[in-house]
Asker: 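Once you've had a glance at the structure underneath, I'll fire off some questions.
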Amino acid sequence: MIDSDEPDNPFAADVPGVEVQPATYVLFGASGDLAAKKLLPAVYNLYAEGRLPERFRLLGVGSRMPEHNFRDHMINAVRQHSRTAVDEQVLESLLERCDYIQGDFTKPALFTKLKEKLHAGDKAVGGPTRRLFYLAVAPRFFGPIAQSLHEVGLARGADPESVLMIEKPFGHDLESAIALNEEVTAAFDESHILRLDHYLGKETVQNLLIFRFANGIFEPLWNRRYIDHVQITAAEDLGTGGRAGYYDQSGAIRDVIQNHVMQLVALTAMEPPAIFDADSIRDEKEKALKSIRCVASARGQYTAGDVDGGPVPGYLEEEDVPPTSTTDTFAALKLEVNNWRWSGTPFYIRAGKRMPRRSTEITIAFRPVPHKPFADPKVAQSIRPNLLTLSIQPNEGASLRIEAKAPGVAQELRPVRMDFLYGETFTRDTPEAYERLILDALRGDATLFTRADEVEQAWRIVDPVIDAWQRNEVPLEPYIAGTPGPASADELIRADGRKWRRL
Ligand code: BG6
């Protein structure tokens, strides 16, 4: 449908041309799981593609792994998880730019040593480098690490400049999120704090803005007058993936809804920004979130069942899950967006683990035609409203459902789809979300990072829901693993005469 000669996503188009300043990527938690699976391979791929500056260094910091193990750890991480085939020579050359120190994140000694290492590293590459402090560590360390960096002169006002990069969870409710924001902004200016939501690094999520604001035909329809409702689904077939210790404290609403799904809601609901820069886009997202409140919810927890043709245990049988846990592994919310554009057009959102399949998508359900001029009542009745589905994963693309006449002499209608599939149209490999986000951080572009006020607005929306759940006002319902969630979720949308997209 789309000619592959069309220009690429402008978010990506400018990347090769933008100069990346000399930089040191300081990775706290370098020996951990996220570093091994995502961050170290992402750095390797950026390096292999020549996207890193000439003067680049990686300095790993870990609390448990001894210094002599880092090299092997890095090699294994890249070999196991790299998106592209590993070129051993390139990897060796990257390793020459890597260093590692072991130390206790809560002790000043580590930060003094870190400062010395940074100076030594700058000397080795022949000049000062911008510092990017990436905290791939438990959130309880965010504040103390930021503070310690400040104390040794590596935070606000540092020369060369430094940036702090942190990843969710940003608090566990509004109050703790505000406290965390205060802690980190005591050490770094807000403009130097990059809060990472890996959904914003996904190509199709970025494409949502291009789709809306670089095409003339959608935006005039993008409002309450033409849109009946919006549905957003983030379904996973996986269970807790060995992270039950973390997940049980969080549940679907804190793990995925408060951050990833709310970002999708904000991008779908926001007004067009005046210009495509970090603050204009984030201002509009925050404004959209501000007008949202949740008016109904459902929650569920999976029991044993079958997923992908094999039996899986129930949530309560998973390792590290307390047998009496009431954590939600599924959450569905009905949101009202109380502003001029959306008033009366609800957003239904749901996220869950152990669903029938992995699928993240945004569906815009248009209103039915106002008048059906067909004599045959059967034809008139068969007309279904248009649906626009933006699929984020696993098959990235967009699909528009329209009514068409079935071939033949009878007047018979059939819904058909106009599809755009990323993989078919653009043959270029899609970078991993982390590659994109690390590169943007190195370039100092905050567009794809969430600002403190957005995070706080998202908590403001979900906090009352969690409170109501804690008061048991919304029952926790079981659902069988491999099914699309509890009956109460169906009821939530059916009460409005609508239904969820089939999973
Ligand atoms: C993470 C959640 O933030 O996002 C996980 O902690 C979830 O529980 C994951 O599985 C989903 O990300 P993706 O990119 O696989 O959709």
Side-chain angles (χ1 to χ4, degrees), residues 29 32-39 41-42 81 83 134-139 142 165-172 177 194-208 232-265 267 299-302 307-308 312 315 318-321 325 327-331 349-362 390-397 422 430-438 448-450 454-455 458-459 462 481 485 503:
D33 212 38
L34 182 66
K37 288 194 178 136
K38 298 285 184 190
L39 304 173
H81 301 289
R83 172 175 61 83
Y134 193 117
L135 309 192
V137 296
F142 291 172
M165 216 169 158
I166 50 179
E167 189 160 2
K168 68 156 200 127
F170 308 121
H172 55 90
L194 300 176
R195 291 175 196 77
L196 187 144
D197 183 311
H198 80 277
Y199 261 54
L200 294 180
K202 290 180 192 274
E203 206 76 26
T204 22
V205 173
Q206 294 161 40
N207 195 41
L208 180 53
I232 301 182
T233 297
E236 296 178 77
D237 51 355
L238 297 176
T240 59
R243 296 156 69 229
Y246 149 77
Y247 191 83
D248 197 60
Q249 301 299 312
S250 155
I253 194 158
R254 288 190 171 101
D255 183 46
V256 169
I257 297 256
Q258 185 273 342
N259 37 73
H260 308 325
V261 178
M262 280 303 164
Q263 283 296 318
L264 300 182
V265 170
L267 291 166
R299 58 177 176 143
Q301 190 185 72
Y302 64 81
V307 177
D308 294 331
V312 295
Y315 180 69
E318 301 253 14
E319 212 181 314
D320 295 333
V321 173
S325 169
T327 296
D328 49 297
T329 60
F330 173 95
I349 62 178
R350 61 180 167 162
K353 299 239 182 236
R354 292 290 190 217
M355 308 261 92
R357 65 189 179 97
R358 179 172 189 236
S359 167
T360 304
E361 60 173 38
I362 302 170
L390 302 166
S391 169
I392 291 155
Q393 52 200 22
N395 302 315
E396 304 170 299
Y422 245 77
T430 306
E432 269 276 312
Y434 280 97
E435 291 173 34
R436 177 61 208 257
L437 295 171
I438 292 171
L448 301 179
F449 296 91
T450 50
E454 291 177 70
V455 171
W459 281 118
V462 302
L503 267 174

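Both ligands and their constituent atoms are indexed starting at 1 by order of listing.
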Asker: Tell me if the NZ atom of Lys168 is crowded by more than 12 foreign heavy atoms within 6.0 Å.
Answerer: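 Result for NZ/Lys168: enclosed.
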Asker: Can you label the angle between the Tyr199 ring and the His260 ring as parallel, tilted or perpendicular, going by 30° and 60°?
Answerer: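 Parallel.
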Asker: For ligand 1, find each of its N or O atoms that sits under 3.5 Å from a protein N or O atom, and tabulate the pairs with distances to one decimal place.
Answerer:
from	atom 1	to	atom 2	distance (Å)
ligand 1	3 (O)	Lys168	NZ	3.0
ligand 1	3 (O)	His260	NE2	2.7
ligand 1	4 (O)	His260	NE2	3.4
ligand 1	6 (O)	Lys168	NZ	3.0
ligand 1	6 (O)	Arg243	NH2	2.9
ligand 1	6 (O)	Asp255	OD1	2.6
ligand 1	6 (O)	Asp255	OD2	3.4
ligand 1	8 (O)	Arg243	NH1	3.1
ligand 1	8 (O)	Asp255	OD2	2.6
ligand 1	8 (O)	Lys353	NZ	2.8
ligand 1	10 (O)	Glu236	OE1	2.5
ligand 1	10 (O)	Glu236	OE2	3.3
ligand 1	10 (O)	Lys353	NZ	3.1
ligand 1	12 (O)	His198	NE2	3.1
ligand 1	14 (O)	His198	NE2	2.8
ligand 1	14 (O)	Lys202	NZ	2.6
ligand 1	15 (O)	Arg358	NH2	3.2
ligand 1	16 (O)	Tyr199	OH	2.8
ligand 1	16 (O)	Gln393	NE2	2.4

Asker: Any side-chain to backbone donor/acceptor pair from Asp328 onto Ile253? Under 3.5 Å, distance only.
Answerer: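 Checking the backbone N and O of Ile253 against the side chain of Asp328, a donor-acceptor pair under 3.5 Å is found.
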Asker: Is the backbone N or O of Ala244 less than 3.5 Å from a side-chain atom of Glu319, with the two atoms forming a donor-acceptor pair by type?
Answerer: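 Such a contact is absent between Glu319 side chain and Ala244 backbone.
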Asker: Taking atom types as modelled, is there a side-chain donor on Tyr422 or Asn395 under 3.5 Å from an acceptor on the other?
Answerer: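 Result is no, nothing qualifies.
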Asker: When you measure from the side chain of Gln301 to the backbone N and O of Ser325, does any donor-acceptor pair fall under 3.5 Å?
Answerer: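 Yes, the answer is positive, given that a donor and an acceptor are paired below the 3.5 Å cut-off.
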